[in-house]
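Numbers here simply count residues along the sequence, with the first being 1. Keep in mind that this is a model prediction, so the values were computed, not measured.
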Amino acid sequence: MSRLQSVFCRSAPWRIVARRVVLPWALQGVELRGDVLEIGAGSGAMAAEVVHGFPTVRITVTDFDPHMVEAASKRLAGAGDRVTARTADATALPFADHSFDAVLSWVMLHHTVEWEQALAEAVRVLRPGGHLVGYDLVSVAPLRVLHRSDDRIRLMGQRELRAAVDTLPVDQAVFTPAVMGAAVRFVLRKAT
């Protein structure tokens, strides 16, 4: 994550937009309950809104960047034992199979060069019938130009995403193009 992205993810305007607009839009009607994992949680802005909006959820937030994990820990400290924050690589999650009722991924997969492996790991740690819910940027010309000099980013095509999901043990997959085709929302349900 760039320094500018890091600052933005910690800002008050992002928190307001996350609560009122992004979280309801991203969840697509999925009701969260039980144990939830957010991969690539950044500063914890979206996790804070999950904690606020779903008072029975226990959430584990992870990020590859220890500075982001520290920021998320501080932001979420008021939630007590309902929140755990830890450093983790989304392509090799340090959790047992079937550990979570839901996994959340908010615009982070393109920051993972091996995003297919991150999707596979997210589904692996889901309990049968659990949901992987997320949204991400897709490979369109303006975004390719914007990210062309960053070799830590790999934008996905919608066909690539569907092909990757077809290899996973899911019995339902819904993809919704968004933001004038520059993003895609997805809900995957792990097979029971």
Side-chain angles (χ1 to χ4, degrees), residues 1-2 5-6 8-10 14 18 22-23 26-28 30 32 34-51 57-73 75-76 83-127 130-139 143 147 150-158 160-170 173 175 183-190:
M1 181 177 287
S2 73
Q5 291 166 329
S6 176
F8 177 72
C9 286
R10 296 178 188 185
W14 173 246
V22 180
L23 185 62
L27 284 174
Q28 303 173 68
V30 172
L32 299 176
D35 298 306
V36 175
L37 171 66
E38 182 180 348
I39 56 175
S43 67
M46 292 290 280
E49 301 315 320
V50 168
V51 167
V57 161
R58 292 170 308 280
I59 188 165
T60 299
V61 295
T62 64
D63 201 279
F64 189 74
D65 182 342
H67 298 298
M68 288 287 100
V69 174
E70 182 180 335
S73 293
R75 172 175 275 158
L76 299 166
V83 175
T84 302
R86 62 187 289 186
T87 304
D89 181 343
T91 64
L93 292 170
F95 308 108
D97 295 356
H98 316 296
S99 296
F100 297 95
D101 298 297
V103 176
L104 310 175
S105 172
W106 311 131
V107 75
M108 65 70 60
L109 288 173
H110 72 280
H111 289 282
T112 307
V113 174
E114 296 175 354
W115 56 260
E116 297 94 338
Q117 181 61 31
L119 284 173
E121 279 292 282
V123 171
R124 178 186 67 76
V125 301
L126 271 174
R127 293 183 178 122
H131 290 89
L132 168 56
V133 183
Y135 70 97
D136 217 300
L137 302 178
V138 296
S139 182
L143 292 176
H147 292 99
D150 192 340
D151 62 356
R152 298 165 298 166
I153 289 178
R154 182 170 153 244
L155 296 167
M156 65 188 75
Q158 290 197 39
E160 284 179 293
L161 175 59
R162 288 175 191 264
V165 168
D166 284 345
T167 69
L168 301 174
V170 298
F175 304 95
V184 62
R185 296 185 300 166
F186 52 89
V187 176
L188 313 178
R189 186 178 69 194
K190 185 168 185 173

For Thr87 and Pro66, the nearest pair of non-hydrogen atoms, with its separation, is OG1-CA, 3.9 Å

Between Leu161 and Trp115, does a side-chain contact (heavy atoms from CB on, under 4.5 Å) hold up when you go through it step by step? CA-CA 9 Å; Leu161 175 59; Trp115 56 260; 4.2 Å; yes

With a 4.5 Å limit on heavy-atom distance, are the side chains of Leu32 and Ile59 in contact? no

For Lys190, which of Leu168, Leu126, Val125, Val103 qualifies under side-chain contact (heavy atoms from CB on, under 4.5 Å)? Leu126

Beyond-backbone contact of Phe100 with Val36, side-chain heavy atoms, under 4.5 angstrom: no

For Arg124, enumerate each residue passing the salt bridge (charged side-chain N to carboxylate O under 4.0 Å, His left out) test, keeping only those at least two apart in sequence or located in another chain. Asp97, Glu121

Interatomic spacing from CG in Leu109 to CD in Gln117 - rounded to 0.5 Å: 12.0 Å

Looking only at heavy atoms, what is the nearest atom pair of Gln28 and Val187, with distance? NE2-CG2, 3.6 Å

With sequence neighbours left out, what residues match Ala163 under side-chain contact (heavy atoms from CB on, under 4.5 Å)? none

Do other residues, nucleotides or ligands put more than 12 heavy atoms under 6.0 Å from Phe95 CZ? yes

Minimum-distance pair of heavy atoms, taken over all atoms of Ala122 and Leu93: N-CD1, 4.1 Å

Using 0.5 Å steps for rounding, measure from the OG1 atom of Thr60 to the CG atom of Leu104. 11.0 Å

What's the separation between atom CD in Glu38 and atom CG in Asp63, rounded to the nearest 0.5 Å? 9.0 Å

To check you understand the geometry: which heavy-atom pair defines the closest contact between Thr91 and Ala118, and what is its length? CG2-N, 4.1 Å

Would you name the heavy atoms of Leu188 and Ala173 that are closest together and state the gap between them? CD2-CB, 3.5 Å

Below 4.5 Å, heavy atoms only, C-beta onward: do Val57 and Val51 meet side chain to side chain? no

Ignoring hydrogens and angles, tell me if any N or O in the side chain of Asp101 forms a donor-acceptor pair with the backbone of Asp35 under 3.5 Å. yes

All ring pair (Phe, Tyr, Trp, His ring centres under 6.0 Å) counterparts of Phe186, not counting sequence neighbours: none

